[in-house]
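On a predicted model such as this, the values are computed, not experimentally measured, just so you know.
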Amino acid sequence: MPIPPPVRGLHHFAWRCRDSEETRRFYEDLLGLPLAHVIKSDHVPSTGEYCPYVHIFFQMRDGSYIAFFDLGDDIAALPSPNTPSWVNHIALRVDSVADLLAAKARLEGAGVEVLGVTDHHIIESIYFFDPNGIRVELTTPTVPQAEMDAHALRARADLDAWTARKAELRATAAKGAPNV
């Protein structure tokens with residue numbers, strides 16, 4: 001199998017939004033991500049399907065984007081019915097704990113309910129929902145790169161251990177025994 005081409009980073013991640021102006025106010029005015037591009041069309045370029053929309057992009061300082069589709073019907077994407085609300089989210093990095101605390105104060109001052117600061121041992125984070133019900137995490141690293149490099153060396157073994165434990169949990173559940 002040929003070697004995959006290098007993935008250089010995230011260009012954008014896109015979700016559906018209920019209202020593009022409401023979303024713009026949140027991401028540009030509150031979080032400080034500038035509106036960088038707007039695409040308006042009546043047809044989906046990849047399929048040709050008729051679906052009037054606007055596609056809006058907010059740029060982050062690393063050059064990547066968070067983007068949204070407004071389909072003009074004032075409907076937000078539904079949460080996944082089989083997934084807890086804390087699972088699906090986007091995590092955006094800030095430079096320091098001081099920046100994290102400043103963002104928390106700004107969000108709360110704007111009436112946004114914020115959970116945290118949560119210490120994850122390698123990062124500290126706050127969590128909140130945008131106007132579309134999308135969970136957003138702001139996070140900052142709190143350990144030296146050498147510690148992250150050490151985690152990377154163990155990552156495959158850690159995942160293999162989880163895979164084995166998951167198989168045991170499923171086997172136990174199949175027998176009707178309580179999970180521990």
Side-chain angles (χ1 to χ4, degrees), residues 1-96 99-118 120 123-141 148 152 155 159:
M1 177 181 294
I3 297 173
V7 175
R8 297 290 179 201
L10 177 70
H11 183 273
H12 73 275
F13 199 96
W15 281 280
R16 180 179 185 166
C17 70
R18 178 179 50 236
D19 179 84
S20 54
E21 175 54 24
E22 173 186 55
T23 300
R24 187 212 57 79
R25 281 192 308 271
F26 187 84
Y27 283 92
E28 187 170 43
D29 295 349
L30 189 56
L31 292 184
L33 301 178
L35 178 65
H37 189 61
V38 176
I39 299 169
K40 297 179 284 185
S41 185
D42 285 342
H43 293 88
V44 179
S46 58
T47 67
E49 171 186 358
Y50 177 75
C51 183
Y53 68 88
V54 66
H55 193 19
I56 57 177
F57 294 77
F58 301 93
Q59 189 169 22
M60 294 180 271
R61 291 199 178 173
D62 69 354
S64 62
Y65 301 87
I66 183 170
F68 297 88
F69 284 95
D70 182 340
L71 304 182
D73 56 9
D74 294 328
I75 297 173
L78 295 175
S80 176
N82 70 345
T83 304
S85 64
W86 54 268
V87 172
N88 294 331
H89 68 281
I90 185 164
L92 307 174
R93 190 183 75 226
V94 297
D95 287 333
S96 66
D99 287 345
L100 191 66
L101 294 172
K104 179 179 180 173
R106 181 175 172 84
L107 288 159
E108 290 176 335
V112 176
E113 186 178 328
V114 179
L115 177 65
V117 171
T118 302
H120 295 288
I123 58 174
E124 289 189 8
S125 303
I126 60 173
Y127 300 91
F128 50 93
F129 288 91
D130 84 349
N132 305 293
I134 297 166
R135 190 169 198 213
V136 180
E137 173 184 0
L138 290 182
T139 190
T140 190
M148 293 308 299
L159 181 59

Student: Can you give me the closest heavy-atom contact between I66 and I90, atom names plus distance?
Tutor: CD1-CD1, 4.0 Å

Student: Has R61 got a side-chain atom pairing as donor or acceptor with V94's backbone, closer than 3.5 angstrom?
Tutor: no

Student: Could you walk me through whether L100 and D95 pass the side-chain contact (heavy atoms from CB on, under 4.5 Å) check?
Tutor: CA-CA 8 Å; L100 191 66; D95 287 333; over 6 Å; no

Student: Step through the shown structure and confirm whether more than 12 heavy atoms of other residues, nucleotides or ligands are within 6.0 Å of CD on E113.
Tutor: no

Student: Can you find a heavy atom in the side chain of S80 that is under 4.5 Å from one in the side chain of N88?
Tutor: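 Yes, close enough: below the 4.5 Å cut-off.
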
Student: For Q59, enumerate each residue passing the side-chain contact (heavy atoms from CB on, under 4.5 Å) test, keeping only those at least two apart in sequence or located in another chain.
Tutor: A36, Y65

Student: Looking at N132 and I134, would you say the former's side chain and the latter's main chain have a donor-acceptor pair under 3.5 Å?
Tutor: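 No, N132 side chain to I134 backbone: no donor-acceptor pair under 3.5 Å.
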
Student: L92 and M60: which non-hydrogen atoms are nearest, and at how many Å?
Tutor: CD2-SD, 3.5 Å

Student: What verdict does the side-chain contact (heavy atoms from CB on, under 4.5 Å) test give for E28 and L33, after you've listed the backbone C-alpha separation in whole Å, the side-chain angles of each residue and the deciding distance to 0.1 Å?
Tutor: CA-CA 5 Å; E28 187 170 43; L33 301 178; 5.9 Å; no

Student: Evaluate D130 against F68 for side-chain contact (heavy atoms from CB on, under 4.5 Å), listing each step before the verdict.
Tutor: CA-CA 12 Å; D130 84 349; F68 297 88; 3.9 Å; yes

Student: Taking the side chain as every heavy atom from C-beta outward, state whether L30 and L107 have any pair of such atoms under 4.5 Å apart.
Tutor: yes

Student: How long is the span from the CG atom in D42 to the CD atom in E49, to the nearest 0.5 Å?
Tutor: 12.0 Å

Student: Can V112 and F129 be said to form a side-chain contact (heavy atoms from CB on, under 4.5 Å), step by step?
Tutor: CA-CA 8 Å; V112 176; F129 288 91; over 6 Å; no

Student: Relative to F128, does R135 satisfy both conditions: NZ or CZ under 6.0 angstrom from the six-membered ring centre, and within 45 degrees of the ring's axis?
Tutor: no

Student: Applying the side chain to side chain contact (heavy atoms under 4.5 Å, CB included) test to E124, which of T118, T139, V117 qualifies?
Tutor: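 Going through the options one by one, the only one that passes is V117.
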
Student: I need the minimum non-hydrogen distance between T23 and C17, along with the two atoms involved.
Tutor: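 So the minimum-distance heavy-atom pair works out to OG1-CB, 3.3 Å.
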
Student: State plainly whether the residues E22 and R25 are in salt-bridge range, i.e. N to O under 4.0 Å.
Tutor: no

Student: For residues P131 and R18, determine if any side-chain heavy atom of one lies less than 4.5 Å from a side-chain heavy atom of the other.
Tutor: yes

Student: Show the nearest heavy-atom pair for residues H43 and S41, with the distance to one decimal.
Tutor: O-OG, 2.9 Å

Student: Between D70 and S20, is there a donor-acceptor pair closer than 3.5 Å when you use the side chain of the first and the backbone of the second?
Tutor: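 Side chain of D70 to backbone of S20, a donor-acceptor pair under 3.5 Å: yes, one is there.
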
Student: Fit a plane to each ring of W15 and F13, take the angle between them on a 0 to 90° scale, and name the class: parallel (under 30°), tilted (30 to 60°) or perpendicular (over 60°).
Tutor: tilted

Student: Can you check whether T140 reaches D99 side chain to side chain, under 4.5 Å on heavy atoms?
Tutor: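 Counting from C-beta outward, T140 and D99 never come under 4.5 Å.
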
Student: Would you call the rings of F57 and H37 parallel, tilted or perpendicular, where under 30° means parallel and over 60° means perpendicular?
Tutor: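 Geometry flag for H37 against F57: tilted rings.
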
Student: Which atom pair, heavy atoms only, marks the closest approach of E137 to S125?
Tutor: OE2-OG, 2.5 Å

Student: Using the ring-ring contact (aromatic ring centres under 6.0 Å, His included) criterion, which residues pair with F58? Sequence neighbours excluded.
Tutor: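 Expected list: Y27.
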
Student: Ignoring hydrogens, what is the shortest heavy-atom contact between V54 and K40? Give both atom names and the distance.
Tutor: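 Taking V54 first and K40 second, the nearest heavy atoms are CG2-CG, 3.7 Å.
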
Student: Taking the six-membered ring for Trp, are H55 and F69 parallel (under 30°), tilted (30 to 60°) or perpendicular (over 60°)?
Tutor: parallel

Student: Please examine the side chains of I75 and R16, heavy atoms only from C-beta on, and report whether any two atoms are closer than 4.5 Å.
Tutor: yes

